[in-house]
Trainee: 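Take this structure first; my questions come after.
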Amino acid sequence: QKEVEQNSGPLSVPEGAIASLNCTYSDRGSQSFFWYRQYSGKSPELIMFIYSNGDKEDGRFTAQLNKASQYVSLLIRDSQPSDSATYLCAVNIRGYSTLTFGKGTMLLVSP
Amino acid sequence: ETGVTQSPTHLIKTRGQQVTLRCSSQSGHNTVSWYQQALGQGPQFIFQYYREEENGRGNFPPRFSGLQFPNYSSELNVNALELDDSALYLCASRPQGPQETQYFGPGTRLLVL
């Protein structure tokens, strides 16, 4: 049973567009939600985390959480070619401090 | 830079051998987790150490074992290596307190032939 699901992509967007990355999770006990960016051959790099329903903005990035729908998303505004990477959604389940990851969505931003 | 370091960066072993991977966590981080990331997959949780004790384990066999030292550095040991153990092994540390954010080291890429 998969606990965190992401579309593997690739998601292709032109430079300057908004990229929308989506993630669903199965455990309603999930409390914390994280987005990591991973360039090819590199380790995951934390972009954002969100705990509460609603939106959280950090620069060009906005995380959105809907616990009722068990859905979390990441919006990247003004996408740049340097944003081309795999984006990993991770969930922390109540009572545990470990992370459960999705397989990631590959984003390609074309100049 | 997260302040988490891992060694070695790359490693080639043959099936049946044993390997030890090392991790130094960021200062002030007392929880260390290890993850295995196979090609095209998300990281999979192996186990976690807090104050030198294992306090969580994923779905990995006992031939995956670990240690955490008083300075919070950590080791991952894998015995009887199998071809499927070929992966990127990631160490992640977490600061003290309620924050759940984990910061990853650069990883060790292991190839088992």
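These values consider heavy atoms only, across backbone and side chains, with no hydrogens, waters or symmetry-generated copies. Lettering of chains follows the sequences in order, A, B, ..., and the numbering in each one begins at 1.
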Trainee: In this structure, are over 12 heavy atoms from other groups packed under 6.0 Å from B:R57 atom CZ?
Mentor: yes
Trainee: Examine B:F45 together with A:F101 and report whether their ring centres are nearer than 6.0 Å.
Mentor: no
Trainee: Side chain from CB out, backbone as N, CA, C, O: work out which of these in B:Y50 comes under 4.5 Å of a heavy atom of chain A, or both, or neither.
Mentor: neither
Trainee: Please flag which part of A:E45 lies under 4.5 Å from any non-hydrogen atom of chain B: side chain, backbone, both or neither.
Mentor: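 Contact with chain B: none, neither part.
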Trainee: Heavy-atom cut-off 4.5 Å, strictly under: side chain, backbone, both or neither for B:Q6 against chain A?
Mentor: neither
Trainee: Measuring from B:F104:CZ to A:L88:CG, what's the distance to the nearest 0.5 Å?
Mentor: 8.5 Å
Trainee: If you compare all heavy atoms of A:T98 against all heavy atoms of B:Q102, which two are closest, and at what distance to 0.1 Å?
Mentor: CA-NE2, 3.8 Å
Trainee: Tell me, yes or no, whether the heavy-atom count around B:L83 atom CG, taken from other residues, nucleotides or ligands under 6.0 Å, exceeds 12.
Mentor: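 Yes - once you tally the heavy atoms of other residues, nucleotides and ligands closer than 6.0 Å, there are more than 12.
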Trainee: Please check if A:L65 and A:L75 belong to a single hydrophobic cluster, counting links between Ile, Leu, Val, Met, Phe, Trp and Tyr side chain heavy atoms closer than 4.5 Å.
Mentor: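 Cluster IDs for A:L65 and A:L75 differ.
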Trainee: Find the distance between OG1 (B:T101) and CE (A:M48) and round it off to the nearest 0.5 Å.
Mentor: 11.0 Å
Trainee: Report which part of B:Q41 has an atom under 4.5 Å of a heavy atom belonging to chain A: side chain, backbone, both, or neither.
Mentor: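 For B:Q41, backbone and side chain are both near chain A.
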Trainee: Is the number of heavy atoms from other residues, nucleotides or ligands under 6.0 Å of B:N71 CG greater than 12?
Mentor: yes
Trainee: Test side chain to side chain contact (heavy atoms under 4.5 Å, CB included) on A:L99 and B:Q48; report intermediate values, then the result.
Mentor: CA-CA 11 Å; A:L99 297 177; B:Q48 176 175 278; over 6 Å; no
Trainee: Tell me whether B:V78 is reachable from B:Y35 by hopping between hydrophobic residues (I, L, V, M, F, W, Y) whose side-chain heavy atoms are closer than 4.5 Å.
Mentor: no
Trainee: Against chain A, work out which of B:G42, B:G107, B:S33, B:P43 has the most heavy-atom pairs shorter than 4.5 Å and name it.
Mentor: B:P43
Trainee: Establish whether B:L76 and B:L67 are linked, either directly or via other cluster members, by ILVMFWY side-chain heavy-atom contacts under 4.5 Å.
Mentor: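 No.
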Trainee: Identify whether A:F33 and A:V4 are in the same connected component of the hydrophobic contact network (ILVMFWY, side-chain heavy atoms under 4.5 Å).
Mentor: yes
